[in-house]
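Remarks on the structure that follows.
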Amino acid sequence: MMTYTLTTPLYYVNDRAHLGSAYTTIACDAVARHQRLRGESVMFVTGCDEHGQKIQRTAEAAELSPQAHCDLISEGYRDLWSRWQISNDRFIRTTDPRHQQLVAQFFARVQANGDVVEGRQQGWYCVACEEFKDDAPGSEDPECPIHLKPLEWRDEVNLFFRLSRYQAQIEALIRQPGFIAPASRQKEVQNFVAQGLRDFSISRIDLPWGIPVPGHEGHTFYVWFDALLGYLTALLDPNEPVVLEQVLERGWPAQLHVIGKDILRFHAVYWPAMLLSAGLPLPERVFGHGFLTREGQKMGKSLGNVLNPEVLLERCGRDAVRWYLLRDIPFGEDGDFQQQRFTDLVNNDLANTIGNLLNRTSAMARRWFADSVPPAGAAAQVDHPLAVAALAAGKSVNVALTDFDFRRAAEAALQLAIAANGFLNEQAPWKQMKLEGQESLVAEDLYAVLEATRWVAVLLAPLLPELSVRMLVQLGQAPFDSGPRAPACPPGSNACPWLLAQQWGRLEPGLPLIEPQPVMLRLELESPL
RNA sequence: GGCUCGGUAGCUCAGCUGGUUAGAGCGUGGGAUUCAUAACCCCAAGGUCGGGAGUUCAAGUCUCCCCCGAGCCA
């Protein structure tokens, strides 16, 4: 069975997780859950990138060994994702000894293919970028334009990867529609490649905190070379011997790499070339998403306005943050985190519109129909206005999620809830109940709204798994398993619960309804986050 | 400095190959209602579409220049 493999970047352990990493990871989580709900077998990879001089120095500054520092930070990531209930199947650390073995095997292939050459590299180096700066600013004390830190003069013999040999293949690759997403990022990479690809160095000398290059004493691998390979190591079963070829049986090639727009070049150019050299298939798609600002300003330590995902989690909860990030920020574009808007949207959409819909409908059904789902009558038919709305919403959600358009998906689910609320106000069952002989009409109306509400819960499952579960439980429905070990359904089988749930009329009349509890509380933030 | 993307109501954004009075949600104001989490539903106000020039019978939508923001390459 085909595996849907997707990855977050392997986060650099230079510092603790920030909101940006949480954003990327949550988006991937939504995709992974959606695929699992559709019955796909999913391999969702995340992890940490732990080598390089920058890490070594950060550790020294903290008076820790590099390993101790990496252990600390990567454990922080692992713990954070677990508390966010991220459904990753793997968490790879590039300091894993197994990774070292895989890198050696990969390197051997690249070398056997004639793509490794020695070259002298001389120039100004930025440790923060872990890169040589081609155009040295001439003067005596050049600074890195990005980090505003002094550059260091290096003169060393390194190993180079012969990227230049792959010019034509890379050009063809990035021309393919869909490989680089969103499409608006394609040109930038094309122009970069059009300038002519130059070989890039894949080793460093006298940098102990890295993976040793076999056969080249004193060389360690350049951090990017080793980090990208983490995607492969992650796929291997932790108990099986490390055999590069085996990744083909474990989900390679990936369907999707989700990354921040700043590292598109590495994923859309360098990485495919490395894979070509090693004779491995290429990933289907590289999605470069935008960055988050906060209240219109760039987040940064110097400004002291960094939004900590731990704080967000504790004070606001998973559903609220996921909803805001997925529903309001166009995936792919830059976005701005605004606290007022955050609470407005969460309270309006989740508490007032969706939560209250369930609450009011369930309360009426219980009051007038013996604590249970009323008889459906004509409302069971698929031409009921809410049935039509539900089917349309379901279609939109599925299409939107396939396109990684979380906003459209969230909007579609929300619109269904709005339609159901509107229908209730039009039909006003509370008025009808005061009249004689209107009970069957009221029953139909309430059934239709309860069923539409069930649909809202179903459609929210990939985006807000927890809210979805709380709603389904109140409706007496079995919640869906979209977690790491969710069982996949063979293609063509009709056993996929989530897809089955997207049929109008699945709610059983007569089913007991438990006393409604608010499924989503309003956010009341007295102080800024 | 070069390249790319974006700059549309207070806020977040839709506006396909140029064509009737520029749309939605949030926020704001008003109304209606009481089943419900002071919730839901309805209505309204709000924009010289970043600035300037040009092409056209007609431009938010095409061309050029400039300004602002972001990313990449230097």
Side-chain angles (χ1 to χ4, degrees), chain A residues 124 129 131-138 144-146 180 182-198 259-269 288-293 295-298 324-325 327-369 405 407-408 410-412 414-415 417-434 442 445-446 449-450 453 474 515-524:
Chain A
W124 293 99
C129 299
E131 270 186 336
F132 282 91
K133 296 289 158 184
D134 294 352
D135 188 38
C144 169
I146 299 166
I180 294 174
S184 53
R185 298 251 137 76
Q186 199 173 1
K187 246 181 197 160
E188 171 182 323
V189 180
Q190 279 175 335
N191 290 346
F192 169 74
V193 173
Q195 292 169 20
L197 294 176
R198 286 182 295 176
I259 53 168
K261 61 180 178 177
D262 55 333
I263 54 174
L264 194 53
R265 195 176 93 238
F266 292 99
H267 285 78
V269 179
H289 69 69
F291 290 153
L292 296 178
T293 51
E295 313 292 350
Q297 286 194 306
K298 226 169 175 167
Y324 177 61
L325 294 177
R327 136 90 215 250
D328 202 43
I329 306 219
F331 195 56
E333 313 287 306
D334 290 346
D336 190 34
F337 189 102
Q338 296 176 332
Q339 182 166 330
Q340 186 62 53
R341 187 167 171 79
F342 168 49
T343 53
D344 282 346
L345 286 185
V346 168
N347 291 345
N348 263 296
D349 301 344
L350 299 185
N352 298 352
T353 300
I354 293 174
N356 182 49
L357 170 67
L358 173 58
N359 203 258
R360 68 194 297 214
T361 313
S362 178
M364 285 186 275
R366 281 169 51 85
R367 180 170 308 166
W368 301 318
F369 296 93
D405 190 344
R407 296 179 84 211
R408 222 172 268 261
E411 182 67 23
L414 182 63
Q415 281 307 321
I418 289 172
N421 272 319
F423 180 80
L424 265 187
N425 280 52
E426 263 172 43
Q427 300 300 108
W430 51 92
K431 274 186 189 161
Q432 298 288 333
M433 275 313 280
K434 290 175 183 162
V442 170
D445 290 345
L446 289 183
V449 177
L450 278 171
T453 308
Q474 277 197 30
E515 189 175 342
Q517 294 288 325
V519 286
M520 189 73 200
L521 295 176
R522 299 169 61 87
L523 272 181
E524 313 281 356

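Order of the sequence lines sets the chain letters (A, B, ...), proteins ahead of strands, with each chain counted from 1.
Only the C1' atoms considered, B:G18 is 49 Å distant from B:A36, to the nearest whole Å. Distance check on atom P: B:U8 versus B:G2 gives 25 Å, rounded to whole Å. Going from the C1' atom of B:U63 to that of B:A45 covers 37 Å, rounded to whole Å. Nucleotides B:U20 and B:U28 are separated by 30 Å at their C1' atoms, to the nearest Å. Nucleotides B:U21 and B:G60 place their P atoms 11 Å apart, quoted to the nearest Å. Here, B:C42 and B:G51 have their C1' atoms 40 Å apart, quoted to the whole Å. Using P as the reference atom, B:G27 and B:A38 are 16 Å apart when rounded to the nearest Å. Rounded to a whole angstrom, the distance from the P atom of B:A24 to that of B:C68 is 34 Å.
Among the protein residues, A:Gln195 comes within range of the sugar-phosphate backbone only, with heavy atoms under 4.0 Å from sugar or phosphate atoms but none that close to a base. Base contact: A:Val519 has a heavy atom under 4.0 Å from a base atom. Contact annotation for A:Gln186: no contact, since no heavy-atom pair falls under 4.0 Å across all strands. Residue A:Met520 is classed as a base contact, given a heavy-atom separation below 4.0 Å to a base. Note on A:Pro330: only backbone sugar-phosphate atoms sit closer than 4.0 angstrom, heavy atoms only; bases stay farther off. Nucleic acid contact for A:Gly422: sugar-phosphate only, since backbone atoms but no base atoms lie under 4.0 Å from a heavy atom of the residue. Contact annotation for A:Leu424: no contact, since no heavy-atom pair falls under 4.0 Å across all strands. If you check every strand for non-hydrogen atoms under 4.0 Å, A:Pro518 touches a base.
Distances shown here put every side-chain N or O of A:Arg341 at or beyond 4.0 Å from the OP1 or OP2 atom of B:C13. Applying the 4.0 Å criterion to OP1 and OP2 of B:C40, one finds that A:Asn356 has every side-chain N and O outside that range. Taking side-chain N and O atoms only, A:Arg367 has a distance below 4.0 Å to OP1 or OP2 of B:A36. Within the structure, every side-chain polar atom (N or O) of A:Arg360 is placed at least 4.0 Å from both OP1 and OP2 of B:U37. At B:G27, one or more side-chain N or O atoms of A:Asn348 fall inside 4.0 Å of OP1 or OP2 (strictly under the cut-off). For the OP1/OP2 pair of B:G71 and a distance below 4.0 Å, the side-chain nitrogens and oxygens of A:Lys298 include at least one atom meeting the criterion.
Residue A:Pro182 comes nearest to A:Gly288 through the heavy atom pair CD-O, 3.3 Å, listed as atom of the first residue, atom of the second, then distance. Taking both residues in full, the closest heavy atoms of A:Thr361 and A:Leu446 are given as CG2-O, 4.0 Å, listed atom of the first, atom of the second, then distance.
Side-chain atoms of A:Val449 and A:Met364, non-hydrogen and from C-beta on, never get closer than 4.5 Å to each other. Between A:Gln427 and A:Gln432 there is no side-chain heavy-atom pair separated by less than 4.5 Å. The shortest side-chain heavy-atom distance between A:Tyr324 and A:Thr343 does not fall under the 4.5 Å cut-off. A:Arg367 places none of its side-chain heavy atoms less than 4.5 Å from the side chain of A:Trp430. Using a 4.5 Å heavy-atom cutoff, the side chains of A:Asp334 and A:Thr293 are not in contact.
The side chain of A:Arg327 lies closest to B:G25, out of B:G25, B:C40, B:C26. Set against B:C72, B:A36, B:U37, the side chain of A:Asp262 has B:C72 as its closest nucleotide. The side chain of A:Glu188 lies closest to B:C72, out of B:U37, B:U12, B:C72. Each of B:C13, B:C5, B:U37 was ranked by its minimum atom distance to the side chain of A:Lys187; first place goes to B:C5. Side chain of A:Lys431, nearest nucleotide from B:C40, B:G71, B:U34: B:U34. Out of B:A70, B:C40, B:U4, the shortest distance to the side chain of A:Lys261 is found at B:A70. Listed nucleotides B:U37, B:U34, B:G71 differ in distance to A:Asn359; the shortest reach to its side chain belongs to B:U37. You'll find that the side chain of A:Trp430 is closest to B:C35, out of B:C35, B:U12, B:C26. Considering only side-chain atoms of A:Met364, the nucleotide from B:C26, B:G71, B:C35 that sits closest is B:C35. Closest to the side chain of A:Trp368, from the set B:C13, B:C35, B:U37, is B:C35.
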Working note: A:Asp336 + A:Arg341, criterion salt bridge (Lys or Arg N to Asp or Glu O under 4.0 Å); need CA distance, chi angles, decisive distance, verdict. CA-CA 10 Å; A:Asp336 190 34; A:Arg341 187 167 171 79; over 6 Å; no
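If you measure from atom CD1 of A:Ile329 to atom P of B:C11, you get 16 Å, rounded to the nearest angstrom. Per the geometry, CG belonging to A:Leu197 stands 12 Å off P belonging to B:A74, to the nearest Å. The distance from atom CD1 of A:Ile354 to atom P of B:G25 is 16 Å, rounded to the nearest whole Å. Atom pair A:Ile418:CD1 and B:G25:C1' shows a separation of 8 Å (rounding to whole Å applied). Nucleotide B:C26 holds its P atom 19 Å from the CZ atom of A:Phe337, rounded to whole Å. Atom CG in A:Asp334 sits roughly 9 Å away from atom C1' in B:C5 (whole-Å rounding). Taking atom CG of residue A:Leu521 and atom P of nucleotide B:A39, one finds them 14 Å apart after rounding to whole Å. As rounded to whole Å, 18 Å separates atom P of B:G10 from atom CD of A:Glu295.
Comparing A:Ala419 and A:Ala351 by the nucleotide of RNA chain B whose heavy atom lies nearest to each, the residue mapping closer to the 5' end is A:Ala351. Nearest-nucleotide mapping onto RNA chain B: of A:Asn352 and A:Glu333, the residue sitting toward the 5' end is A:Glu333.
For A:Asn425 and B:C40, a side-chain-to-base donor-acceptor distance below 3.5 Å is present, hydrogens and geometry of angles not being considered.
A:Asn347 places a side-chain N or O within donor-acceptor distance of the main-chain N or O of A:Leu523, the cut-off being under 3.5 Å. Formation of a donor-acceptor pair under 3.5 Å by the A:Asn348 side chain with backbone atoms of A:Asp344 is found in this model. Of the possible donor and acceptor atoms, none in the side chain of A:Asp349 sits under 3.5 Å from a partner among the backbone N and O of A:Leu414.
Consecutive pairing runs in RNA chain B reach the stem threshold at B:1-7 with B:67-73, B:10-13 with B:23-26, B:28-31 with B:41-44, B:50-54 with B:62-66, where a stem means at least three Watson-Crick or G-U wobble pairs with distances under 3.5 Å.
An anti orientation is assigned to B:G25, its glycosidic angle lying beyond 90° of 0.
For A:Arg407, the CZ atom sits in a packed shell: over 12 heavy atoms of surrounding residues, nucleotides or ligands are nearer than 6.0 Å.
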